[in-house]
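Notes follow the structure.
As a basis for the values below, the full set of heavy atoms in this structure was taken, side chains included, without hydrogen atoms, waters or symmetry mates.
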Amino acid sequence: HADDSLATGSTAVHPDSLMQAGHRIVPTDSLPADSVPKKKGSLEAIVDYQAKDSIVMTAGNIVFLYGEGDVKYQNIELKSEFMQIKVDSSLLFATHGVDSVGDEFGYPVFSEGDQELEAKEMHYNFKTRKAYAKHIVTKQGEGFVISTRAKKMESNILYMENGKYKTCDHDHPHFYIKLTNGKVRTGKDNVTGPDYHVVEDVPLSTLVLTFAFFPFTDA
């Protein structure tokens, strides 16, 4: 749970576990055969991670990254102000920071190949290569797809709920298409429905689409 992942105050941490240098999680397959037995479902590559402020490693094999964390695994990269990696289960949690006046900063930014998306909160599984994110924004073609909740599959497909498609980068656009549910194939198209047009925050009941298909094209 996101709230539980931030509750680190009660965890006993040895002073030597605080550092700024980069680290890596090494899959058991890369170690000598007689040192560690191969585990079923182990990672296929090394996970590199670093943070600007500090890295905290606990006795429970949990790594906390504070301040501009950066995690790389194969062709994926995730940057965020705060991250937690559960080494034994290969799960990663990332979220933004909040400054002294309550402003949010350092949102998680996930990239994989040509796909890039920003979110307020993200959970990622290194083994399944699937992710669950809240409040995501991703640029597709000439427009932007925004969603309250989204699930990223291994094949770079996004399943979205309660989203919108807009053609400008303003937080409050004059016009957008409200997406109740949708399936985004990165760089290709968006299949969604039912949808409706919104102008100046007013839904247009006369322009309701039970099904819509939006191909993504670059300018």
What residues form a side chain to side chain contact (heavy atoms under 4.5 Å, CB included) with [X], not counting sequence neighbours?
X: Glu77; value: Asp70, Lys72, Lys79, Ser111
X: Glu118; value: Tyr107, Val109
X: Lys151; value: Met153

Could you give me the CA-CA distance, side-chain angles and deciding distance for Leu91 and His123, then say whether side chain to side chain contact (heavy atoms under 4.5 Å, CB included) is met? CA-CA 7 Å; Leu91 299 177; His123 299 260; over 6 Å; no
What I want to find out is whether Arg129 reaches Glu112 closely enough, with some N-O distance under 4.0 Å, to be called a salt bridge.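 Salt bridge present between Arg129 and Glu112.
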Minimum-distance pair of heavy atoms, taken over all atoms of [X] and [Y]:
X: Tyr73; Y: Ile46; result: CD1-O, 3.7 Å
X: Gly97; Y: Glu81; result: N-CB, 3.7 Å
X: Lys120; Y: His96; result: O-CD2, 3.3 Å
X: Tyr49; Y: Leu65; result: CD1-CD2, 3.6 Å
X: Ala119; Y: Lys134; result: CB-O, 3.5 Å
X: Tyr124; Y: Ala131; result: CD1-CB, 3.7 Å

Could you tell me if the side chain of [Y] sits less than 4.5 Å from the side chain of [X], heavy atoms only?
X: Glu44; Y: Phe126; answer: no
X: Val71; Y: Val47; answer: yes
X: Phe93; Y: Met122; answer: no
X: Ile85; Y: Ile62; answer: no

Met83 and Tyr132: same hydrophobic cluster, using ILVMFWY side-chain contacts below 4.5 Å?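 Cluster IDs for Met83 and Tyr132 differ.
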Under 3.5 Å: donor-acceptor pair, side chain of [X], backbone of [Y]:
X: Ser80; Y: Thr95; answer: yes
X: Thr138; Y: Glu116; answer: yes
X: Ser90; Y: Asn125; answer: no

About how many Å separate NE2 of His135 and CD of Glu104, when rounded to the nearest 0.5 Å? 9.0 Å
Between CD1 on residue Ile136 and CG on residue Leu158, distance to nearest 0.5 Å: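 Going from the CD1 atom of Ile136 to the CG atom of Leu158 covers 5.0 Å.
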Could you go through Leu92 and Leu78, starting from their C-alpha distance and side-chain angles, then the distance that decides it, and tell me whether this counts as side chain to side chain contact (heavy atoms under 4.5 Å, CB included)? CA-CA 10 Å; Leu92 182 150; Leu78 181 60; 3.0 Å; yes
Evaluate Ile55 against Val63 for side chain to side chain contact (heavy atoms under 4.5 Å, CB included), listing each step before the verdict. CA-CA 7 Å; Ile55 297 175; Val63 180; 3.8 Å; yes
Check against side chain to side chain contact (heavy atoms under 4.5 Å, CB included), Ile157 and Lys152: CA-CA 6 Å; Ile157 293 177; Lys152 177 201 167 297; over 6 Å; no
